[in-house]
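Structure record follows, encoded as structure tokens.
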Amino acid sequence: MNILITNDDGIYAPGLWAAVEALEGVGRVVVVAPDREQSGVGGAVTLNNPVRAREIVPAVQGTQTWAVEGTPADSVILALECLTKDVDLVVAGINMGANLGEDVLISGTVGAAFQGYTRGIPSVALSLASLRPTGFQGAAAVLKLLAVQAREGLLPAAVLLNVNVPPVPPEQIAGVEVTRLAKRTYADTVRQSDDGKNGYYWITRTRPAWHMLPGTDVWAVRHRRVSITPLHADLTATEAMPGLADLSHRLSAEVQPAPVSR
Ligand code: MN
């Protein structure tokens with residue numbers, strides 16, 4: 001089995017190499033990842049510049065490794081289209097920090113896995129719910145189990161699996177839950193300052209307001225469970241469509257020119 005590993009924390013992030021080590025013996029691993037921290041860039045793709053990639057000496061011996069001067073999504077696109085062949089599983093992670101609820105829309109980890117998903121390859125975005133660059137054992141163990149499932153053909157390709165692991169030792173993980181995305185409202189705050197010449201703004205993320213509903217990803221991780229949320233690309237709010245019928249009629253009447261009377 002051929003496994004592509006990428007991330008959004010950059011190619012030197014310890015979580016990425018913990019993932020590589022976890023998959024030793026499960027399959028052949030190729031690493032293609034951004035050459036620097038890219039958290040929060042979502043699924044951004046570089047279209048107005050060339051994207052450089054260079055093969056580098058891996059942190060884990062024997063792993064073909066490419067550093068990409070681009071986004072996480074760029075890395076997966078280059079990997080799948082040019083740098084490697086016949087990828088059976090795309091893994092983005094292990095991310096330093098949770099990717100829960102509405103955050104999946106800005107997550108570079110999810111944005112990377114999305115490129116595998118759209119190409120019909122089983123794809124996993126894997127995050128550890130901790131901002132400390134240690135303690136990847138639990139997430140690594142979960143990754144190994146998932147990769148073995150993929151090797152057996154038991155991982156779905158029709159959805160992207162967004163996996164979050166609680167920051168506890170493997171033996172303290174309380175279980176695995178299939179979850180839905182929580183509503184997680186970040187209070188994005190903007191710090192304003194001045195460099196003596198110009199004003200500048202720094203967008204910072206403060207502690208979110210949690211909506212701890214059972215069955216959500218936030219709930220699962222808070223209860224020391226591994227959260228697996230299946231994601232797909234269809235953001236259509238189907239249930240809102242009937243309620244918009246009147247709006248479309250009103251707009252139609254406005255945009256359609258009145259018939260010309262003779
Ligand atoms: Mn990250």
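Atoms considered below: every heavy atom in the structure, side chains included; atoms not considered: hydrogens, waters and symmetry mates. Values in this document were obtained by computation on a predicted structure and should not be read as measured data. Whatever order the structure lists ligands and atoms in, that order sets their numbers, starting from 1.
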*Counting distance only, does the side-chain N/O of T65 pair as donor-acceptor with the main-chain N or O of T63 below 3.5 Å?*
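Yes: the side chain of T65 pairs with the backbone of T63.
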_Just to verify, what does D8 make a side chain to side chain donor-acceptor pair (under 3.5 Å) with, not counting sequence neighbours?_
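Only S39, T109 meet the side chain to side chain donor-acceptor pair (under 3.5 Å) criterion with D8.
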*Mind counting the protein N, O or S atoms sitting less than 2.8 Å from the Mn ion (ligand 1)?*
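Step by step: take the Mn ion (ligand 1), keep protein N, O, S below 2.8 Å, and you get 4.
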*Minimal non-hydrogen separation, L80 against G116, with atom names*: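 Minimum heavy-atom contact is CD1-CA, 4.1 Å.
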*Does T179 reach the side chain of W219, with side-chain heavy atoms less than 4.5 Å apart?*
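They are not in side-chain contact.
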Distance-only donor-acceptor pairs under 3.5 Å for side chains of residues 25-36, two or more places apart:
residue: R28; atom: NE; partner: N2; partner atom: OD1; Å: 3.0

Show me the donor-acceptor pairs within less than 3.5 Å that the side chains of residues 125-134 make with the rest of the protein, sequence neighbours left out.
residue: S127; atom: OG; partner: N99; partner atom: ND2; Å: 3.0
residue: S130; atom: OG; partner: R132; partner atom: N; Å: 3.1

